[in-house]
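The structure appears below as C-alpha cells.
Numbers restart at 1 for each chain; the letters A, B, ... are given by sequence-line order, proteins then strands.
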Amino acid sequence: AQSVSQHNHHVILSEAASLELGCNYSYGGTVNLFWYVQYPGQHLQLLLKYFSGDPLVKGIKGFEAEFIKSKFSFNLRKPSVQWSDTAEYFCAVTTYNQGGKLIFGQGTELSVKP
Amino acid sequence: KAGVTQTPRYLIKTRGQQVTLSCSPISGHRSVSWYQQTPGQGLQFLFEYFSETQRNKGNFPGRFSGRQFSNSRSEMNVSTLELGDSALYLCASTQDRVNTGELFFGEGSRLTVL
C-alpha cells in the first residue's frame, strides 16, 4: 500500500532560520506530490504541488520543494522562516488512477519563535 | 468566491447514534472528497464523489456512507457511532474533471462521540 512518511513531528526554529522538512513516499509509479499547510485556526490549504517537469517547484510564501525520484522524496524548504510560518505541514501523494485519493503523511508541526 | 462550507462545525453525539454532515463545495466544483482527521491516524481518505457518483472509496467500514446531490452538495453519514469516530471531518472540492489531488478544503466538522 502507498504510504507517506514525514520524518519530523515537531520542529522548533527561530525567525530567519532555514527550514527543511523531510517527506518520503512509497510508490513506484507516477505520482502527484503536494505540501498542504494548516495555519492555527484555519483550513488546510495547498502550499505547492508537483505533477511533472522541473523537479524544483515553488509555492506560496517563499516555500519550495524538490522532487528526487530516485530517493522517493519531496522535501520542503524555506531559506528564512517567519513567525507567521508557524503551522502544521502535511506532505501528500496521489497517483493518476487514484484520482483525488490523497495519502497524507502524519504532519509536521512547525513552531517559529520570534 | 465563497470557499467550501461545512455544517455543522461542531457536534456532540453518543455511542450508537447516527450523524449527517453537510458540505457545499466552491461554486462550479463538481468533485467532493471527504477526509477524517484524528491525532492518532492523521488524515485519511473516506470517499470522493463526482457528478453524484462515488468515484473512489477509502478503507472505512460500511457505517460510513455519503452521497452527492445534483447541485454538487454532499453529505456524509456515520451510523452506529463509536467512540473512535470522534474526529474532524474535512470536505474538499475541486473543479478538475480528473481529480489531480489539488483540493480546496473546508474548515471541517468536529464530531465528538461520548
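- Within 6.0 Å of the NE2 atom in H10(A), the count of heavy atoms belonging to other residues, nucleotides or ligands exceeds 12.
- Proximity to chain A is limited to the side chain of Q37(B), based on heavy atoms less than 4.5 angstrom apart.
- Counting non-hydrogen atoms of other residues, nucleotides and ligands closer than 6.0 Å to NZ of K57(B) gives a total above 12.
- Every salt bridge (charged side-chain N to carboxylate O under 4.0 Å, His left out) that R63(B) has, sequence neighbours left out, goes to E82(B), D85(B).
- Within residues 42-72 of chain A, the residues that have a heavy atom under 4.5 Å from a heavy atom of chain B are H43(A), L44(A), L46(A), K49(A), F51(A), listed by number.
- Here I12(B) is tied into one hydrophobic group with L114(B), each link being a pair of ILVMFWY side chains closer than 4.5 Å.
- Following chains of ILVMFWY side-chain contacts shorter than 4.5 Å, one can reach Y39(A) starting from L76(A), so the two form part of one hydrophobic cluster.
- Under the 4.5 Å side-chain heavy-atom criterion for ILVMFWY residues, a single connected hydrophobic cluster contains both L83(B) and V78(B).
- Counting non-hydrogen atoms of neighbouring residues, nucleotides and ligands closer than 6.0 angstrom, the CZ atom of R15(B) reaches no more than 12 such neighbours.
- Considering only heavy atoms from C-beta on, F34(A) stays 4.5 Å or farther from L103(B) through its side chain.
- Closest non-hydrogen pair, F45(B) versus K101(A), comes out as CD2-CG, 3.4 Å.
- Within the structure, disulfide (SG to SG under 2.5 Å) pairs that include any residue of residues 34-73 of chain B do not occur (at least two apart or interchain).
- Of the two parts of F47(B), neither the backbone nor the side chain holds a non-hydrogen atom closer than 4.5 Å to a non-hydrogen atom of chain A.
- For the options L46(B), L90(B), L43(B), heavy-atom pairs under 4.5 Å to chain A are most numerous at L43(B).
- The distance from the CG atom of L102(A) to the CD atom of E48(B) is 10.0 Å, given to the nearest 0.5 Å.
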